[in-house]
Structure formats: structure tokens, C-alpha cells
Q: 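Dumping the structure here so I can ask a few things about it.
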Amino acid sequence: MSAIRHFYTLADLEKVHIEGLLTQADWLRGHRTLEELRGRAVICLYLAPSLRTRVSMELAARQLGAYVVTLTPGHGVWKLAFDTGQPMRGAEAEHIIEAVGVLGRYGDLLAVRAFPERQSWERDAKDPVLRAVMEHSPVPVLNLESTRYHPCQAAADILTIRRDAAGEPQGPVVLTWTDHPKALPVAVPSSFAIGITRMGWDLVVTHPEGYELPADVLETCRRFAHESGSAFAVTHDRTQALRGARYVYAKSWGRLDRYGDEQREIAERRERGLERWIVDEQAMALTNEARFLHCLPVRAGVVVSEGVLRGPRSLVLEQAENRLHIQKAILMDLLSDG
Amino acid sequence: MSAIRHFYTLADLEKVHIEGLLTQADWLRGHRTLEELRGRAVICLYLAPSLRTRVSMELAARQLGAYVVTLTPGHGVWKLAFDTGQPMRGAEAEHIIEAVGVLGRYGDLLAVRAFPERQSWERDAKDPVLRAVMEHSPVPVLNLESTRYHPCQAAADILTIRRDAAGEPQGPVVLTWTDHPKALPVAVPSSFAIGITRMGWDLVVTHPEGYELPADVLETCRRFAHESGSAFAVTHDRTQALRGARYVYAKSWGRLDRYGDEQREIAERRERGLERWIVDEQAMALTNEARFLHCLPVRAGVVVSEGVLRGPRSLVLEQAENRLHIQKAILMDLLSDG
Amino acid sequence: MSAIRHFYTLADLEKVHIEGLLTQADWLRGHRTLEELRGRAVICLYLAPSLRTRVSMELAARQLGAYVVTLTPGHGVWKLAFDTGQPMRGAEAEHIIEAVGVLGRYGDLLAVRAFPERQSWERDAKDPVLRAVMEHSPVPVLNLESTRYHPCQAAADILTIRRDAAGEPQGPVVLTWTDHPKALPVAVPSSFAIGITRMGWDLVVTHPEGYELPADVLETCRRFAHESGSAFAVTHDRTQALRGARYVYAKSWGRLDRYGDEQREIAERRERGLERWIVDEQAMALTNEARFLHCLPVRAGVVVSEGVLRGPRSLVLEQAENRLHIQKAILMDLLSDG
């Protein structure tokens, strides 16, 4: 890894650093058009589809005076070679070393999204694309959601809670698994759990048996909770988890031990009746008037009831808006020494 | 429908309002680079392909100092759910309510293009996508061509005629159906007819039997003509329609009673010999030295002869250029109170 | 051809003109953010895929204060009609005459990339797309790589050598063919050979039998070498070519007499053992401590060894960066009278 500063996971940041970003984001909320990054070039590379990330990144960079170039290779795939030591005679026309080297000559920052292949967790767990980009980039790399982490979303979520609570949340934050017609990545729930514990806020994670988050993520959360003296718990008993909750964060993700076999996993969900994990009015009634959060896009009627999603306790649009503000703070942070 | 001001069809605007836009567009023609919308964000969502609309919208926004974000979802389709009251277990990952809610947090205006599905006129006639976007958007929505209307094109067409005539046209405007290898939407001819009658200019629509424009469009045109004391006529006799015409607007569209069965309709056109509806030198010779208009793209040798299309009486490039100027006027109008 | 000034091939430029561009590019290297082209609109049309060209063009235009609109029609193909005199009843919805006419109303410059169809060299040799765009465009056209030429790359290559040599190269430049799993276009090697001889620098082209560059390109190179009194040679003996070389430019291209039959050509390469044309440490050892150049993307282990590509004598990232600087100089040149 080079000495360049990257923004890969909130676990790399001290709490005081995160708090600085949050404070800066709140200030930027009221100061939309600036020239702080005038002349800087931000290159965004989407190796996976995106809607709100693309819009919020383009506006974040431009509203700070920077140039932004958005690259969205066709069909969500960009044929890049990652191995060395063998002739490039396959479908890949360019190696990551040259691709990143060139983009680093043009831009002052590379923002990259790369989703998991979902064939082998062993391989995806290494986050091969983001790791390779960070290794070879001569400029800072901003993770716009990788196989493992989505730090911009987590930072926006923390900003949303901090603003709603006017400081620390007065009561536990609950991250609850939900059903979904697909087996989704673990980047968002992993990053949320890491972010909340990093802040020293009490967190309960609840999910059905078999849906454990990656072991290294849980280990990190336990360490952060221990360091800050906060509570961190994992339970299969959602009813108990929700009692007294102040914030309910809903998210679906796939089982790691069924990785690459989505059909089997989804069939098992139906057999086990896991659609009951929907966050509806009944579930929210268990809480202490909790606020509802979700990173979007969301499937109404599956993940969350329409009433909760679009009701007065939902913060989903605030979360989305906060992506813009926090990304501006992150861009300023990464480009401040440049 | 919310109280937000949208730009959906010229039928919603008073004549004096349209005239204000035309005058502003003519002024903007000579004042290319401004800062009137500095800091504003325009989000363009193309759910259907586009070339000149995309270029003219991007430049219109930027030349006024605004940021513009262009979203062109892959394959011309963006899987959005529109129904409520049922679980989202299908292919649609996001509901229009959240999608528009989020974009409205990022942008000050949403510009949307959404073409008809062309399965059922009953459904398409309701303009479901644009209606849903307008219903849920917290910011103004600009229609960049929907199933029913293309108001920016109509406004550019009116601007072109007004500029060429140095005021009102001195003689009738003729909208003539033409042949085409496909069954095309009715948005452009509907909007042109509404716009011309809204201005109080004499209009003749001519087409073969069976190619009537939508009944509500004809009703609107009759009402506008009645209110302004101008003439509005529909005829199958193109020769008579063209006699004395000052402006000939060519456009092909599909039969509403063959909606969803393009193969049958095109076969019937061949049987009826409707290729004779081409606007060629012979047709133009019937007119009073009329100018030729078409919204582009156009099929030379089918819709219009090469000689007429590229000859000295053609205004097609002026129409295209005027899209830029009128869209700037519309953007300023919609964002002026913001 | 109209009287508009286009940038199509370096063969159209006097040496003193090229030198002016190089000097300007070196100055721009140190002056990144300017307002020289404020208010100008550059429209980039990519009828073929692109990565570094797109990024460098977008930044080049914006860093000079211009607006830039990037059009990347789906699937690398844009259905445009090129013929006249026959009805447009096929798949092409728009004719190049109208498409270019409209874009010329919106933009001050059209930058176009269009790759060969690779069916017939006789047809591709005429460079039909770029020729048609230049013929019909009312504004300057910048060639971003056509069937025949890639002048921006050649100008960046010359800039790279001139900067490395602090003037003229002290010893021969060698352009060497290499192997590749595909039959590639001749635009880059043709443009490089023309550019080097236009500068009056000694050039040796080396390739296996059957891989001659187009006859008109060789004729142009001979003429330029003759005019400037420099040496120009073509040989099948790579060992001899490399002896004493100061700059080695590697590039693969397809045989013109196998045009359209890639499968046969690639099979023949394997039979002839042409993979030995790789530029590796052994090949570089023959030179006079030569620098290595390639336009990228490059296949390591096929075109060039990893050690040479990523070693201290490689200039590939400088070449890529120089694309940005030279394109800024070209944009300023083309738009200076506008």
C-alpha cells in the first residue's frame, strides 16, 4: 500500500476525524456553492450501476469548484487484468496498473465503485478491485462502495442520526436484517456497524440464524465498543432487539455460507418464512418512537411497509441528501494537502 | 398534483406566457454565457434515447451557470415501480416515489424524457411516467418528451416561425402527416397543433383516413382556435390543405386504432400507397412559397425529399438551434422563484 | 471539403505549426486552469469506445473554461445514414448531414472518434465517417482517432520524445510491429510515422513480411524525409533496426491483405511464431539505452514485457499525460479565430 491517503473504510479513521467530517458536512449544508477545490479534477469510475451515488458525487465535486469526469463502462463491466507474471492474451485489454496510472495523471482523486462478483466469498472478501486501485494509484482513492465497504453511506447515516438526535442518540441503534428477493452484498451493513461502534454509540445487530456478518467486521465492532465503553450485541431475537430502540436501520444481505448460490438461499428464506422480518408498524411499535433508516433503493412491502417508509418517522430522504454533504466534506479532506 | 410549477404541455400556459418565453429566447440568442442560474442543479433523466435534446439541455443549463447532471439508464429502460399497495418482489428495485424524492433533494429541477411503451393506448394516454414524476417531485419538472407531449419542441417550432415571419405568420400553417417505416408517437404533432392554436394562428392538419390525432388534443385545439378567433381545420385532402400555405410542418405518426400492432399498420400503409404523402417539390409547389419544418431526426426520401429538406426554404436547422434558446428561457422561468 | 479548418492528420500541418503546438502544450503543462475558451462549447462524439481520450478531452476543454458535451451512443454504434439519392427506409434514423448540421449549431467544435468497420480495406481506407463529418460540419472537426489517423496521439508522442530529448532525438526512432491477439487498426502507427518524418527526425519502421503500412502513408513519410533531409527506412530485420535506437515505439497492427479475416491472420501469426516480436529486455539491450513508448492500452507479456513496460525507461505514462496538454493546445489553435 502506498503512502497516499485513501478513504476506504471508516475503521481506518479515528473518531475525532469522523466528527470533523460530520461538522464540516453540516457547515457545507448551508454553504452550497464554493470554490475550495477550484481546478481540481475528480474522476469517478463506476464498475457497477449507480444512481444516487453518481448524482451526489457529480454535484459534490462541482459545487466545490472541481471538475468531475464520470466513467460508466458498458454493461457494468470493464475488462481489466489484475494478475501479473502471465501474458495478457485473454479478453482484458488493459491492466489495472496502467489504467490507474493513467487516470492518476489526469485526476487529483479517483472515486471507484466495484461490486462483488458473488462467485466466491474467499475471493470477494479480499476486495480485489479496490485493493488493486489503492495499491497502484498515485492519487487518493475514494471508495464509492466496494465488495466489503460503503464508507460514504455509513458516514451519511451517522450524520443523519447525529443531526436528528442533536448529538449522540439517546438510546440504542438497531441494525435489523430484512428479507429481499435477492442475496445482497454485506458492504452497507458492515460499514454501518463499524461506523456506529466507532462513534461509541450502543448498537444491536439482529438477524436470523446463519446471517452473521463477516467475522472480521464483528471483531472490529467489538474492539471499537470495548475501546469506547459502549454496548455491542448480536441477537436472533428481533423483538427483544427492537424494544426501546431509538433508531432502526433496515437492510437485507445474503448469507456468506450460501455465497454464489442465490437460488438456494432465496428458497430457504421462503421455507423459513423470513418475510416476517419486514419492518412494519407492528415492529416499530416495539421501539421507543424510533426513527427509520434505509440506504435506498428499497423494496416497499418486502423490506419495510409503505407506511413506515413514507411516514413521519422515516429519515430515508435525509440519508440520501446527507450523502451529498458528507461527500463534499470527504473530498475537501482528501484534497486538502494536494 | 402538487402546487409546484411544472412544464408539461403548452396547453397549460396562457398565450402571453408563451410570448414572454419567445421574447426571452430571442434575447438569449444574443447573450450566450450568463450566470443567472449560478449554483442551481438541473437533473436530466432520459428514460428514452436522445441526441439533440441531450446536447441542447446540457448546454442550456451550463450557459446559464447551472450544474447539470445527465442520467441515461442502460438499454433505454429504468426499472422503476409505479404501483402502491403491493410488495415489490419483481424486477423493479426502486419505486418512483423514492427515486423522485431523492433526486428532488439533489436538484432544483428534474427534466425527464419517457417514451410510450406502445402496448396499449389506453395506458399510454395517461402518460403514466411523467404524471407520476410530477406528482411526487418536490421541485419543478420539465417534460423533455413524454408519451403525450413534447412542449420544448413545440415552443422551439413556434419560435422558429415567429422569427421567420417577423411576427405572426401571414397565411396558414399546415401540419401534414407523412409516411415512415415505423409507427411513431403522437407527442410532437399533438404539441405542435396545441401550440399553434394556442398562439391564435390558423392551422390545417392533414392526414390519411384513420390517422386522427387524439380526441382530447383536437378538442383543445378547437377551443383555443375558438377563443382566439383563428381557423382550425382537419382534412384528408392534402392538396387542398397545402394551397396557399406559408409553413408546412411534416411529421409521421402511428394510428391510435392500430396501437401496439406496428406490423399490421405498416403493411396497410404499403397497401394504401401512403408513401405518396412525402413532402417533395411537387407538394411544396402547391404552397405560397412555404417554409418547410420538421423536428428531426428525419428520413430523407420517405418523409421529405432531399431537395426540400436541404433546400433554401427548409428551417430544420433553425428549429434545432431554437431548442437551445427556448429551453434556456424555460429553465429561467421555472427556476426564477426558487 | 469546406473552408473550415479541421484537425485530421499531422500530414496537413507544416512542421513549424506542429512545433508551435508543442511549445504551447509545454506552457500549458504549467498553467492548468485558464479561461481562454470561456463560453465555447466542445461536442465529443464517440462512435467507438474510449477511456483515456474521453477523460483527457473532457478535462482539456474544461480546464480552458469551455463547456464539453460527451456523446457515447450505445453499443459503440450510432445508426447514421451516409448515402444520398435513395429513400432512408433502413435501420438508420438520421443522416450524417442533419446530425452534423445540428451539432454544429450547438457547438463550436466537433471532436469525433470512429473506428474502422474492418470488412473492406478499400472502403475503410476512405475514412468515410470522418470525411463525411468534415464535409458537412459548419465548425472545426477534431479527429479523435479515425479509421486512418490518430493525430492527437501522434502529437502527444512527439511531445513526449521532444521533452525527453530536450529537443531533437539524438539517434534514430524505431517503430516496431508487435504481436497481439487481435488484428488492430493502422491509425496509430500511420500517424506516428507521418509525425516523426514530418518533424524531420530519423525513423526506422520494422515489421514482419506482409505487414506493410498503407502505401500512401509510406509515400508521405518518404516525401517528408526527403524534404527535411532525414532518414526513413522500412525493414523486416528487427535486430538491425533496434541497434543504436534511442526511442522504441511498439505497436501491433493487422495485415491489410488479410483485412476482414482476423481469424486467418491470427492463426498465421501463431504458425510463423510472431510472438517473438515482443519488446522485452533482450530487444531493448540492442538499443542505445532507448526509451520505450506505447500509446496504451497495452497487453503486457504479449506486446512488451512487464519489466520494460513498467521499468525506468518506459515513457508510457508521460505519453498519456501529454495527450491532455497537446489536446489543450490543439483546441486553442482550432478555436482561436472563432
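Order of the sequence lines fixes the chain letters, A, B, ..., with proteins taken first and strands second; residue numbering starts at 1 for each chain.
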Q: Do you know which of C:H180, C:R32, C:Q319, C:E58 has the most heavy-atom pairs with chain A at a distance under 4.5 angstrom?
A: C:R32

Q: Report yes if the side chains of C:R310 and A:T84 come closer than 4.5 Å at any heavy-atom pair, otherwise no.
A: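 In short, these two side chains touch, coming nearer than 4.5 Å.
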
Q: For C:P297 and A:A93, which heavy atoms make the closest approach, and how far apart are they?
A: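 Taking every non-hydrogen atom into account, CB-O, 3.5 Å.
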
Q: Identify the heavy atoms of A:P87 and C:V302 that sit nearest to each other, and give their distance.
A: CB-CG2, 4.0 Å

Q: In terms of heavy-atom proximity below 4.5 Å to chain A, should C:Q63 be classed as side chain, backbone, both, or neither?
A: both

Q: What distance do C:L51 atom CG and A:E98 atom CD have between them, rounded to the nearest 0.5 Å?
A: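 Result: 12.5 Å between the selected atoms.
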
Q: Please check this pair: side chain of A:E94 against backbone of C:V298, looking for a donor-acceptor N/O pair closer than 3.5 Å.
A: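 Judged by distance alone, no pair lies under 3.5 Å.
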
Q: Measure the CD1-CG distance between A:I97 and C:L309 for me, rounded to the nearest 0.5 Å.
A: 8.0 Å

Q: Do other residues, nucleotides or ligands put more than 12 heavy atoms under 6.0 Å from the CD atom of C:E281?
A: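 Yes, enclosed.
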
Q: Could you tell me whether a side-chain N or O of A:R105 sits under 3.5 Å from a main-chain N or O of C:L324, the two making a donor and an acceptor?
A: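 Not confirmed, A:R105 side chain does not pair with C:L324 backbone.
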
Q: With a cut-off of 6.0 Å (strictly less than), are more than 12 heavy atoms of other residues, nucleotides or ligands near CD of A:Q86?
A: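 Yes - once you tally the heavy atoms of other residues, nucleotides and ligands closer than 6.0 Å, there are more than 12.
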
Q: Who wins among A:G85, A:A81, A:G107 for the most heavy-atom pairs under 4.5 Å with chain C?
A: A:G85

Q: Can you name the nearest heavy-atom pair linking A:V102 to C:R52, along with the distance?
A: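 Closest approach of A:V102 to C:R52: CG2-NH1, 3.5 Å.
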
Q: Which heavy atom in C:A320 sits nearest to a heavy atom in A:Y106, and how many Å separate them?
A: O-OH, 2.5 Å

Q: Could you walk me through whether A:E92 and C:R299 satisfy the side-chain contact (heavy atoms from CB on, under 4.5 Å) test, starting with their C-alpha distance in whole Å, then the side-chain angles of each, then the deciding distance to 0.1 Å, before giving a yes or no?
A: CA-CA 8 Å; A:E92 298 81 8; C:R299 286 171 179 260; 5.9 Å; no

Q: With rounding to the nearest 0.5 angstrom, report the CG to OH distance, C:L59 to A:Y67.
A: 8.5 Å

Q: Is it the case that atom CD in A:E35 sees more than 12 heavy atoms from other parts of the structure closer than 6.0 Å?
A: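 Above 12, so yes.
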
